[in-house]
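A, B, ... follow the sequence lines: proteins, then strands. Residue 1 opens every chain. Here the structure is a predicted model, which means the values were calculated and not measured.
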Amino acid sequence: MEAIRYFLFRSLRNMASSPLLCSAAILTMGVALAAVGVFLLVVLNLQNLTKDWRDDIQVVAYMDKVPSATELDEVLQKVKAFPEVETAIFVSKTDALQRFTKRLGEDSDLLTGLRADVLPASLELQLKGEYQTRNAVQQVADRLKSELKLEDLQYGKDWLEQFESFTTLLELVGVVLGGFLVFAAVFIVSNTIKLTLYARRDELEIMTLVGATLRFIKTPFIIEGLLQGILGGVLAVVILYGLHHFVLKDGLQVLLLTPAGFTIEFLPREMQLAIAAAGAFLGVLGSLLALRRFVRI
Amino acid sequence: MIQLFNICKSYSKENSALKDVSVHIQKGEFVYLTGPSGAGKTTLLKMLYGAERPTRGQVLINGQNVTRLRRSRVPYLRRQVGVVFQDYKLLNSRTVYENVAFSLEAQGKKRYEVAQKVYQCLKKVGLEHKLKSKPLELSGGEQQRVAIARALAVDPLILLADEPSGNLDAEVSLDIMELLKGANARGTTVVMATHDLHLCHLFPRRTIHLEAGRLVNDSMP
Ligand SMILES: Nc1ncnc2c1ncn2[C@@H]1O[C@H](COP(=O)(O)OP(=O)(O)OP(=O)(O)O)[C@@H](O)[C@H]1O
Ligand SMILES: [Mg+2]
């Protein structure tokens, strides 16, 4: 216990005696981790978005001619008899416009002046959970075509698949770039610790001369790396929070053309902790690397 | 206590700093190591605290073969061997107290033990009133006395001194000499490298003379 206090005291004194170097290390660590964090944030939100879209897999049949009430009843009846269909809703032209207006949110003034019948009426089929697959969707579509003569169908989610492969690509880029940034962070931390070691080379030499073990010499520097890493990680989370709050929340919304009502989320608590932990790990790694080259008996 | 067998040391291919040196030093001896500049005095002392390893030959300290010592064991050797340098090697950013405490802390001594021992040792060298000063606020002689206090604080078996008064005037070097003799009188084996033949005549002791890396004379007074 006393030993821990002693080592902690020594590393805090080290840090206090070279505040500039110390804050440089924390800053670089913070920026590098924040850059990785931005990627995490974007990927995470894209995943949320695709999940949202997945959830409403449906088949939409557009109707050029608006059917009469009796015709419509008949169609609805038939469709509801399909085993795959959970719900079937008729969306009239006015309903469609209303919905679209709502979806656009603040930008809805774009639509003023348009006639109420620009959007087609449609039949929206929500499929039961177990039928939300490509095959089932295809079957339903086929039956709609053959039995009900509904031709103008929208159901294929090919673009969704494409979008998902895009997010996968983005994740890959994130991993590569993140790896690179993390490598740079370790390099910089290790170099700043080398600088502090260089500044205290007299002390290190004297320590070895008076019979200090390597562990005794190294421990304060490892603690220093640990503390700097944790502080860097916390700084990264703070930077990310700022970025999210002031820039990304609105910026990404526009960039990703997300529907109103979808909010760009911040990293969950576990990930914030993970970033701090990554900082701690990288800090220790950095100091170990520096010490290995610098402290010899 | 100290046994050197046929020590050769070369830092590079062409020249060798020590050539076939064999010396035995008994427990409690006081030995001068003399010779012109470049004769290999510092190199020989370095062998004794594990800072350099011989190219050939064996070094035994207190029966322990230093040449075969693993790196991780070197600190434990150095706890038995105090070293004093010409340039003191004090930490200028720390107080006198902290400088002396340093060697005790490095060996993992308890805090109250450290405080007691530091005070005792500084008293021995007559600097107990300068506890809180920084080394650069002291004279050269006082700084060297702090360095000696640091070396002796851990009760070493052997005290090595590499021209401890090389930077100091004659009067102050007598003070330093008294401290080393005092340590020797209390049982510590002392090996002191020096240029100062005057000192050797004033306090005659066994003298080992090196020249160009060879032991040319080993004489008792
Ligand atoms: N680290 C080193 N690398 C290469 N050569 C060295 C090294 N240390 C010493 N030498 C060489 O070894 C020889 C002996 O040096 P050493 O320092 O032991 O002499 P010395 O007797 O202590 O001299 P002085 O009285 O000037 O201190 C010299 O020729 C020196 O150039
Ligand atoms: Mg020398």
Side-chain angles (χ1 to χ4, degrees), chain A residues 1-25 192-224 227 287-297, chain B residues 45-46 48-53 66 69-85 87-95 98-114 121 135 146-160 162:
Chain A
M1 199 57 225
E2 199 193 348
I4 295 173
R5 228 189 17 227
Y6 175 73
F7 283 128
L8 200 63
F9 167 73
R10 259 175 63 198
S11 43
L12 287 178
R13 187 168 58 183
N14 279 1
M15 285 164 78
S17 67
S18 47
L20 215 67
L21 272 178
C22 177
S23 28
T192 24
I193 290 189
K194 262 186 219 162
L195 282 178
T196 61
L197 288 175
Y198 185 74
R200 2 194 107 255
R201 60 194 182 286
D202 296 351
E203 188 175 333
L204 294 173
E205 186 200 350
I206 292 169
M207 277 199 269
T208 60
L209 285 177
V210 298
T213 56
L214 275 185
R215 204 180 49 159
F216 179 88
I217 298 171
K218 286 180 173 183
T219 306
F221 291 101
I222 295 171
I223 294 177
E224 191 176 335
L227 291 178
S287 52
L288 282 177
L289 285 177
L291 285 165
R292 209 185 46 168
R293 321 201 111 243
F294 228 97
V295 183
R296 297 245 167 83
I297 287 186
Chain B
L45 291 180
K46 280 183 172 170
L48 302 184
Y49 62 91
E52 294 287 354
R53 296 190 176 222
V66 176
L69 210 57
R70 273 185 287 127
R71 290 256 157 231
S72 59
R73 301 301 303 174
V74 170
Y76 301 96
L77 166 71
R78 294 196 182 156
R79 289 173 187 195
Q80 306 173 344
V81 183
V83 195
V84 176
F85 301 90
D87 57 356
Y88 325 131
K89 291 201 195 291
L90 297 174
L91 291 171
N92 292 329
S93 58
R94 307 286 174 80
T95 64
E98 287 172 324
N99 266 287
V100 179
F102 205 56
S103 57
L104 292 159
E105 286 167 1
Q107 303 193 5
K109 291 282 193 298
K110 295 273 185 308
R111 208 186 325 202
Y112 62 90
E113 279 181 278
V114 171
C121 291
V146 175
I148 292 173
R150 181 182 66 194
L152 291 177
V154 296
D155 298 319
L157 294 171
I158 299 170
L159 183 65
L160 306 177
D162 195 354

B:Tyr88 side chain reached by B:Val146 side chain, heavy atoms, under 4.5 Å: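 Not in contact.
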Within-4.5 Å side-chain heavy-atom neighbours: A:Lys218 and A:Phe221: no
Closest contact, heavy atoms only, B:Leu77 versus B:Tyr49: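 For B:Leu77 versus B:Tyr49, the nearest heavy atoms are CD2-C, 3.9 Å.
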Heavy-atom pair of closest approach, residues B:Arg79 and A:Gly211: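 Of all heavy-atom pairs spanning B:Arg79 and A:Gly211, the closest is NE-O, 2.8 Å.
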Residues of residues 196-205 of chain A near chain B, each having a heavy atom less than 4.5 Å away: A:Arg200, A:Asp202, A:Glu203, A:Glu205
All salt bridge (Lys or Arg N to Asp or Glu O under 4.0 Å) counterparts of B:Arg73, not counting sequence neighbours: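 Partners of B:Arg73 under the salt bridge (Lys or Arg N to Asp or Glu O under 4.0 Å) test: none.
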Toward chain B, the part of A:Arg5 with a non-hydrogen atom under 4.5 Å: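 The side chain, not the backbone.
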Neighbour count above 12 (heavy atom, 6.0 Å) for B:Arg111 CZ: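 Open.
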More than 12 heavy atoms from other groups under 6.0 Å of CZ on A:Arg13: yes
Max heavy-atom pair count under 4.5 Å with chain A, selected residue of B:Glu105, B:Arg150, B:Gln107, B:Gln80: B:Glu105
